[in-house]
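To start, the structure itself, in structure tokens.
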Number of protein chains: 2
Amino acid sequence: MKIVPDQCQVSQAMDVIIGKWKLAILLHLLAHGPTRFGALQRAVPAVTPKVLTQQLRELEEEDIINRNVYPENPPKVEYDISTYGQSLEPILNAMHQWGLDHMAYKQTRDKKEDNGV
Amino acid sequence: MKIVPDQCQVSQAMDVIIGKWKLAILLHLLAHGPTRFGALQRAVPAVTPKVLTQQLRELEEEDIINRNVYPENPPKVEYDISTYGQSLEPILNAMHQWGLDHMAYKQTRDKKEDNGV
DNA sequence: CGGCATCCGATGCGATACTG
DNA sequence: CAGTATCGCATCGGATGCCG
């Protein structure tokens, strides 16, 4: 398939997954199902609550994830991938596969450079 | 295929294609073949020469594109996708397809909202 | 033609502290 | 527990001007 630049919507996808922690969030939700805010924070250790909230809100606004509030005490909020969000999987899989190849590529390339190429 | 978070390399791909104009550059090179610096600048009108150079250099360092200098006068420099860079096509295609779907999705969603949902 | 040097502003992200 | 409020900074990209 050839991408026609004039009607190219690649950046539509970029805009949605751009954000330092969005991929990590999506991958966690895809792998583990519904996850609470605190659990997400533990799953992505370096993220602060403020930024985690930001990224979640942005994903929610694009209908990629769902936010479910359980009116309990203590409060409980779960996030999970929406049906629509699951349509991102082909992109993630393609990126993942390429990432694996890229690791291997860098390996061999750097080895060559060590030998003076 | 299920992505195993522990050995997930999705961000490897992200790191390579992140950059405001990199996708536009790659798509242009894929569609039009070898392209000169000036032509790229005309193809991506909003980019300034400084930033265009930056993005090209970063893509070049990852071996995604080739930079060919022709020692003529006036100077001529052509950029083109490397063989390795072509391996990104599955990602771009997946993103493009999703982008098209996303446009349609937003259409119907916004129409619903207009009707008071 | 194909850049590079310099300056500058916006935005994204982080640190810390506090709250219903 | 699941956030919000404030502050601050670094990074990225844009504007402008100059050069081989």
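Lettering follows sequence order; numbering is per chain, from 1.
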Original post:
Considering all heavy atoms of both residues, which atom of A:I81 and which atom of A:N66 are nearest to each other, and what is their separation?
Top reply: O-OD1, 4.0 Å
**OP:** Write down the distance between CG (A:N68) and P (D:dG3), rounded to a whole number of angstrom.
**Re:** 12 Å
Original post:
Taking the side chain from A:Q55 and the backbone from A:W21, do they hold a donor-acceptor pair closer than 3.5 Å?
Top reply: yes
Original post:
Side chains of B:S82 and B:I65: does their closest heavy-atom pair fall under 4.5 Å?
Top reply: no
Can you give each donor-acceptor pair under 3.5 Å made by side-chain atoms of residues 35-52 of chain A, sequence neighbours left out, with the distance rounded to 0.1 Å?
unit_1	atom_1	unit_2	atom_2	d
A:T35	OG1	A:G33	O	2.7
A:R36	NH2	A:P75	O	3.3

Subject >> Integer-rounded Å distance: C:dG2 P and B:I25 CD1 >> reply: 14 Å
**OP:** Would you kindly give the CG-to-P distance between B:L56 and D:dG13, to the nearest whole Å?
**Re:** 13 Å
**OP:** Indicate whether the side chain of B:Q12 and that of A:K106 have a donor and an acceptor atom separated by less than 3.5 Å.
**Re:** yes
Original post:
Rounded to whole angstrom units, what separation is found between the CD atom of B:E78 and the C1' atom of C:dC1?
Top reply: 13 Å
Original post:
Are the aromatic rings of B:Y84 and A:W98 close, with centres under 6.0 Å apart?
Top reply: yes
Original post:
Would you say a side-chain N or O of A:R57 is under 4.0 Å from OP1 or OP2 of D:dT4?
Top reply: yes
Subject >> Distance, rounded to the nearest Å, where A:I18 contributes CD1 and D:dT11 contributes P >> reply: 18 Å
**OP:** May I ask you to verify if any side-chain N or O of A:R36 is less than 4.0 angstrom from the OP1 or OP2 atom of D:dC1?
**Re:** no
**OP:** Specify the residue among A:W21 and B:A39 whose closest nucleotide of DNA chain C lies further upstream toward the 5′ end.
**Re:** B:A39
**OP:** Report which part of the nucleic acid B:Y70 touches: base, sugar-phosphate, or nothing (heavy-atom distance under 4.0 Å, all strands).
**Re:** nothing
Subject >> Spacing between A:M14 atom CE and D:dC12 atom C1', to the nearest angstrom >> reply: 14 Å
Original post:
Rounded to whole angstroms, how far apart are CD on B:E60 and C1' on C:dG3?
Top reply: 13 Å
Original post:
Under 6.0 Å between ring centres, would you say that holds for A:Y79 and A:H28?
Top reply: no
Original post:
Nearest-Å distance, NZ (B:K20) to C1' (C:dG12)?
Top reply: 14 Å
Original post:
Considering only heavy atoms, which members of residues 40-55 of chain A lie under 4.0 Å from some atom of DNA chain C?
Top reply: A:T48, A:K50, A:V51, A:Q55
